[in-house]
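Structure first, then comments.
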Amino acid sequence: MAEYDYDLFVIGAGSGGVRASRIAASHGAKVAIAEEYRFGGTCVIRGCVPKKMLVYASMFAEELAHARNKGWTIKDAKFDWATLRDFVNGDVDRLEGLYGETLGNAGVESFHERATIAGPNSVKLASGREITTRYILVATGGWPVSPQFEGNEHCITSNEIFHLDKQPKRLVVMGGGYIAVEFAGVFNALGSKVTLVNRSETILRSYEQDIIEKLPPIMQARGMDLQFNAQITKVEKQEDGSLRVHLSNGEEVETDQVLIATGRAPNTAGLGLENADVKLGHKGEIKVDAYSKSSCDSIYAVGDVTDRVQLTPVAIREGHAFADTVFGNNERHVDHSTIPSAVFSQPSIAAVGLTEEQARKEFDEVSIYTSDFRPMKNIFSDRMERGLYKMVVDQVTDRVLGLHLVGPESAEIIQAAAVAIKAGLTKADFDATVAIHPTMAEELVLLK
Ligand code: NDP
């Protein structure tokens, strides 16, 4: 009889857990996975995928407006939230099914229930069954955190926003990070009156200063009310079901929904990690080494639960590297440097590598190249919005250290440029590349 029921038991069927299961199984391991909610995790079920679909759908409003009076006659254009919501959720169902199928095809056994850790080599299912396993992988992701204030229970998080019965005519968004800025943009474009409440004057503060400074005036020009240096202190439910939001700056805002987007915490509560002496950091994250191994030799963790880089493609790489290392006789770890990222704001922001501030701390001489331009497409609108591209270069070696964009399609553009930057190419290499005209991306090879 085998020593353990499984070689690998994965807790959490999100991007990291599913990739790790599939690859471990392909290396010949006997694998099981448990998921208490829906297969696909944050990205597929209540994150990247449905969010990006809402971003696309909200941009139709702009396209329709631009097309008008440019030869197109568009009569009675109306938007219906319920139709869009059901379409998006239908696609989420489809993807969830594909995730289940992929696991089945790979020979991974699935348990649709909560699993907790009972010891270094055992897990307990909610149904009471105990299972032994050589290794455990924790891939339980993160969960929205919300500051405490009176009336907090009347607010929603990004978990609920995809399921709203009605489109809020007015929406208050708390926070100035990815989720706040993206959903503020979506609902504003769909016609809701959006108020964004941020505790400082800076939104998206991990991004390049010059880039993020471009966004607030654009958001305001597009109709959003930005309340900076403010906190929500109280939310009162009115008799008609609407909400009165009290802010620390004395303002009061009448609204229909309040979205709290103040960060996400690792999902480790109640997991039984203490039963295997797995060490946690101060945010509750599982502390792991470069190979994603925790303080317990048989327990690994990947993705948001480790609070390294909270991005799906990173979790996928961590899961893959773990499976190759432990089951594929191919010891390797993920390089967490120079990871490109994007915010699907309107217009979008994207970045790879060092900001100017970071580069000046690490390098003696830094050169900056910029292009501040009006995207050609904006000629179709009345908006005077401009894009900004900024490149950070090591003056001594000419190597490009960072690239930062704000403008339409920034995420699409930076993915290709990120290859060059990851490969260590120089500003001269960018300049030696012929531009494609007329595009926005051509600015990258024409930076002065
Ligand atoms: P972020 O960490 O991006 O932003 C949190 C925001 O909330 C910040 O503006 C922060 O302010 C503010 N905040 C934090 N605590 C409080 C508080 N107690 N009171 C008031 N404001 C507070 O978190 P998100 O929730 O937006 O997103 C979570 C993670 O999900 C992101 O970090 C990202 O990794 C991932 N994500 C990625 C996306 C993408 O790749 N496009 C899209 C969506 C999410 P301050 O800056 O002052 O700290």
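Remember, it's 1-based here, ligands and their atoms both numbered in the order they're listed. This structure is a prediction, so every number in the text was calculated from the model and none was measured. Computed from heavy atoms alone, side chains included, the values below leave out hydrogens, waters and symmetry copies. Throughout, residue positions are numbered sequentially from 1 according to the sequence presented.
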As a test of understanding, state which of T157, T42, D304 forms a side-chain hydrogen bond (donor to acceptor under 3.5 Å, both in side chains) with R264.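 Exactly one option meets the side-chain hydrogen bond (donor to acceptor under 3.5 Å, both in side chains) with R264, and it is T42.
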
Sole residue of R170, K193, R244 in side-chain hydrogen bond (donor to acceptor under 3.5 Å, both in side chains) with E254: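 Of R170, K193, R244, side-chain hydrogen bond (donor to acceptor under 3.5 Å, both in side chains) with E254 is met by R244 alone.
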
Protein contact to [atom] [nearest heavy atom, distance to 0.1 Å]:
{"atom": "atom 28 (C) of ligand 1", "value": "R264 CD, 3.5 Å"}
{"atom": "atom 31 (C) of ligand 1", "value": "Y178 CD1, 3.5 Å"}
{"atom": "atom 45 (P) of ligand 1", "value": "R205 NE, 3.3 Å"}
{"atom": "atom 1 (P) of ligand 1", "value": "G177 CA, 4.0 Å"}

Can you confirm if the aromatic rings of F183 and F162 lie within a centre distance of less than 6.0 Å?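 Yes, ring centres under 6.0 Å apart.
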
With heavy-atom distances below 4.0 Å as the criterion, list the atoms of ligand 1 near [X].
{"X": "P147", "answer": "17 (C), 18 (N), 19 (N)"}
{"X": "K51", "answer": "41 (N), 42 (C)"}
{"X": "L311", "answer": "40 (O)"}
{"X": "G263", "answer": "5 (C), 23 (O), 24 (P), 25 (O)"}

Non-hydrogen atoms of S341 versus ligand 1: any pair closer than 4.0 Å?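 It does not, in that no heavy atom of S341 comes within the 4.0 Å cut-off of ligand 1.
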
Considering only residues two or more places apart or on different chains, which pairs with a residue in residues 32-51 satisfy ring-ring contact (aromatic ring centres under 6.0 Å, His included)?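 Matches after skipping sequence neighbours: F39-H112.
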
Counting only nitrogen or oxygen atoms and a 3.5 angstrom limit, does E182 reach ligand 1?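 Yes - when backbone and side-chain N and O of E182 are compared with those of ligand 1, one distance drops under 3.5 Å.
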
Mark yes or no for whether N152, through its side chain, and P147, through its backbone, hold a donor-acceptor pair below 3.5 Å.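 Checking the backbone N and O of P147 against the side chain of N152, a donor-acceptor pair under 3.5 Å is found.
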
Any donor-acceptor pair under 3.5 Å linking the side-chain atoms of N198 with those of Q227?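 No.
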
Ligand 1 versus N198: contacting region, heavy-atom distance under 4.0 Å: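 It is the side chain that touches ligand 1; the backbone stays farther off.
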
Heavy atoms only: which of R199, Q310, Q148, Q231 is nearest to atom 13 (N) of ligand 1?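 Among R199, Q310, Q148, Q231, the closest heavy atom to atom 13 (N) of ligand 1 belongs to R199.
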
From the options I179, V309, T262, V197, select the one whose nearest heavy atom is closest to atom 14 (C) of ligand 1.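 Checking each option, the heavy atom nearest atom 14 (C) of ligand 1 is found in T262.
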
